[in-house]
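Positions are given from 1 along the sequence. Atom set for the values below is all heavy atoms of this structure, side chains included, hydrogens, waters and symmetry mates excluded. Atoms within a ligand are numbered from 1 in the order they appear, just like the ligands themselves.
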Amino acid sequence: MAGRPHVGILALQGDVREHARALSGLGAEVEFVRRPIELAAVDGLVIPGGESSVIDKLARSFGMQEPVRAAIAAGMPVYGTCAGLILLADRITDGIDGQETFGGLDVTVRRNAFGSQVDSFETDLAVPALGEPPVHAVFIRAPLVESVGAGVETLAALGDGRVVAVQQGALLGTSFHPEVTGELRFHERFLDIVRAA
Ligand code: GLN
């Protein structure tokens, strides 16, 4: 693909602006996506952090669930952070009653996996696929990837082995929020996937 990658951010709820800043800083042309016609115009989509049950409900009431599912099935690159990772998971545990996801990532994700006592923390994470230095990762009421299917690559895990970053083809998901710390390597990786798609 020649020129700047043209990517959307699902802008129903969550930390949309932080992703927009990261992606524009990397030279992408960024759109806020709320309607099917806006989704159809982009070559990749970011699903931000926020509250997955709210994004799910809004996506259904804006008629976005089926179009996002179809785009994922057609191979559109998608990067989800935190709530966005939950929305990409084929299976979730501890969702609210009736909570649905777009799916696509063959993983089981537990919502709010760190409980209320340690609901937010920061740590340095080794991410071999990104090289040095380690990623300074911020977790905010974060989910954990509890199990991964055969086609899913684990990109990062906590010291005790619990998985917090995964990739499956053109789908990328992190439990944490690179967009709030100025860490740009996951967004760069996402834009590389978009350019290659
Ligand atoms: N706990 C939130 C949820 O269930 C995710 C938190 C976040 O995105 N920082 O969607």
Quiz item: For residues Ser53 and Glu51, is any side-chain donor paired with an opposing acceptor at under 3.5 Å?
Solution: yes
Practice problem: Decide whether an N or O pair under 3.5 Å exists between Ala83 and ligand 1. | Solution: yes
Quiz prompt | Glu66/Arg69 salt bridge by N-O under 4.0 Å criterion | solution = yes
Exercise. Check Ile9 against Val16 and note the closest heavy-atom contact, atom names and distance.
Key: CD1-O, 3.7 Å
Quiz item: Are Thr81 and Thr174 linked by a side-chain donor-acceptor pair shorter than 3.5 Å?
Solution: no
Quiz prompt | Side chain, backbone, both or neither: Thr81 near ligand 1, heavy atoms under 4.0 Å | solution = neither
Practice problem: Report yes if some N/O of Arg111 lies less than 3.5 Å from some N/O of ligand 1; otherwise report no. | Solution: yes
Practice problem: Give a yes or no on whether the ring-centroid distance for Phe121 and Phe176 is below 6.0 angstrom. | Solution: no
Self-check item: Ser53 N/O under 3.5 Å from ligand 1 N/O
Solution: no
Quiz item: To the nearest 0.1 Å, how far is atom 7 (C) of ligand 1 from its closest protein heavy atom, and which atom is that?
Solution: Cys82 SG, 2.7 Å
Exercise. Could you tell me whether some N/O pair between Ile86 and ligand 1 is separated by less than 3.5 angstrom?
Key: no
Exercise. Measure from atom 8 (O) of ligand 1 to every heavy atom in Ser175, Gly50, Gly95, Gly84 and give the option owning the shortest one.
Key: Gly50
Self-check item: Enumerated ligand 1 atoms positioned under 4.0 Å from heavy atoms of Gly49
Solution: 8 (O)
Self-check item: Glu122 and His136: side chain donor to acceptor below 3.5 Å
Solution: yes
Quiz item: Taking atom types as modelled and ignoring hydrogens, do the side chains of His187 and Glu179 form a donor-acceptor contact shorter than 3.5 angstrom?
Solution: no
Quiz item: Can you tell me the protein heavy atom closest to atom 10 (O) of ligand 1 and the distance?
Solution: Ser52 N, 2.4 Å
Quiz item: Going by the order shown, which atoms of ligand 1 are within less than 4.0 Å of some heavy atom of Asn112?
Solution: 1 (N), 2 (C), 4 (O)
